[in-house]
Amino acid sequence: MKIGDLAKRTGLSTHTLRYYERVGLLPYANRDRSGQRDFDASILTWITFIGRLKTTGMPIRDMLRYAALRDEGETTGPARRQMLEVHREQVRTQIAELQECLLVLDTKIAGYAGGEQRTKEDDARPTTSRKPVRSRPAGPVAH
């Protein structure tokens, strides 16, 4: 498949695919008679995997190391497994941190929702019970 077709099927730009090939994340593609890259469809699985590693924050240097080990063959299986296990723990840590951040956001949003309810209740009260709103900040004004 030509690089344009591969780009469409993967959602990556042709520039990114050429870069991945140049740095060694993708094997060099065979060339047709006119010198254009002709990728085998089996590359789609590898590109999807690279995308997952990228999405989970694996640095490109580690992806390159993994790709190099993959190219060396089955004897590197234990080393590749170890790399993925280490990365998995990093992803789990990141997910836990994101879950904590999500909890903070949910709490903050709930606070605003409570504030909206209080505002609606305040709107139902007579206007004479409200404190006047200050039109300028307290303290000296900087010029």
Side-chain angles (χ1 to χ4, degrees), residues 1-125 127 130-143:
M1 118 181 45
K2 302 296 179 216
I3 195 165
D5 295 331
L6 185 59
K8 286 177 188 170
R9 291 186 68 180
T10 62
L12 298 174
S13 69
T14 56
H15 175 78
T16 298
L17 292 169
R18 287 185 193 105
Y19 170 74
Y20 283 178
E21 184 183 39
R22 187 173 65 249
V23 299
L25 276 179
L26 295 181
Y28 284 105
N30 293 326
R31 304 290 177 139
D32 64 13
R33 291 181 184 175
S34 63
Q36 292 183 340
R37 289 171 177 83
D38 191 16
F39 291 93
D40 185 84
S42 64
I43 198 75
L44 290 169
T45 303
W46 175 244
I47 291 173
T48 300
F49 181 68
I50 291 171
R52 300 279 189 221
L53 295 178
K54 182 180 177 188
T55 297
T56 58
M58 181 179 274
I60 198 160
R61 68 180 175 278
D62 292 345
M63 286 190 263
L64 289 168
R65 175 72 181 131
Y66 186 91
L69 288 170
R70 178 179 176 255
D71 289 344
E72 289 178 28
E74 291 300 316
T75 60
T76 64
R80 287 183 280 156
R81 177 181 174 181
Q82 183 181 13
M83 282 187 74
L84 294 178
E85 287 173 345
V86 168
H87 184 63
R88 178 179 59 192
E89 286 308 308
Q90 293 168 348
V91 170
R92 284 183 173 155
T93 299
Q94 183 181 17
I95 288 170
E97 290 170 359
L98 288 171
Q99 286 175 328
E100 288 177 20
C101 292
L102 184 59
L103 180 60
V104 169
L105 291 172
D106 288 343
T107 302
K108 200 66 159 159
I109 290 167
Y112 284 117
E116 290 169 6
Q117 181 61 36
R118 286 190 302 271
T119 300
K120 289 177 185 176
E121 290 170 3
D122 289 344
D123 286 345
R125 291 185 191 152
T127 57
R130 291 189 190 164
K131 293 182 181 179
V133 178
R134 293 182 79 132
S135 60
R136 51 186 167 140
V141 177
H143 292 285

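Note that this is a predicted model, so its numbers are computed, not measured.
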Would you give the length of the straight line joining atom [atom1] of [X] to atom [atom2] of [Y], rounded to the nearest 0.5 angstrom?
| X | Y | atom1 | atom2 | value |
| --- | --- | --- | --- | --- |
| Thr14 | Asp5 | OG1 | CG | 11.5 Å |
| Gln90 | Thr56 | CD | OG1 | 9.0 Å |
| Thr45 | Ile50 | OG1 | CD1 | 11.0 Å |
| Arg88 | Met58 | CZ | CE | 12.0 Å |
| Gln99 | Glu97 | CD | CD | 11.0 Å |
| Glu21 | Phe39 | CD | CZ | 4.5 Å |

Q.
Closer than 4.0 angstrom, basic N to acidic O: yes or no for Arg92 and Glu89?
A.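 Between Glu89 and Arg92 there is a salt bridge, with a charged N closer than 4.0 Å to a carboxylate O.
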
Of all the heavy-atom pairs spanning [X] and [Y], show the shortest one and how long it is.
| X | Y | value |
| --- | --- | --- |
| Ile3 | Arg18 | CD1-CG, 3.6 Å |
| Ala29 | Arg37 | CB-CB, 4.0 Å |
| Ile43 | Pro27 | CD1-CD, 3.5 Å |
| Ala79 | Leu69 | CB-CD1, 4.0 Å |

Q: Apply side-chain contact (heavy atoms from CB on, under 4.5 Å) to Ile47 and Tyr20, showing your working.
A: CA-CA 10 Å; Ile47 291 173; Tyr20 283 178; 5.7 Å; no

**Q.** Under 3.5 Å donor-acceptor, Ser13 side chain and Thr16 backbone
**A.** yes

pair [X]-[Y]: side-chain heavy atoms closer than 4.5 Å:
| X | Y | answer |
| --- | --- | --- |
| His87 | Val91 | yes |
| Leu44 | Met1 | yes |
| Asp38 | Lys2 | yes |
| Asp62 | Leu53 | no |

Counting only heavy atoms not in [X] (residues, nucleotides, ligands), do more than 12 fall under 6.0 Å from its [atom1]?
| X | atom1 | answer |
| --- | --- | --- |
| Glu72 | CD | yes |
| Arg52 | CZ | no |
| Glu85 | CD | yes |
| Asp32 | CG | yes |
| Arg65 | CZ | no |
| Lys54 | NZ | no |

Q | Worked verdict on Ile60 versus Leu25 for side-chain contact (heavy atoms from CB on, under 4.5 Å) | A | CA-CA 9 Å; Ile60 198 160; Leu25 276 179; 3.9 Å; yes

Q. Do the ring planes of Tyr66 and Phe49 sit parallel (below 30°), tilted (30 to 60°) or perpendicular (above 60°)?
A.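 Tyr66 and Phe49: tilted rings.
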
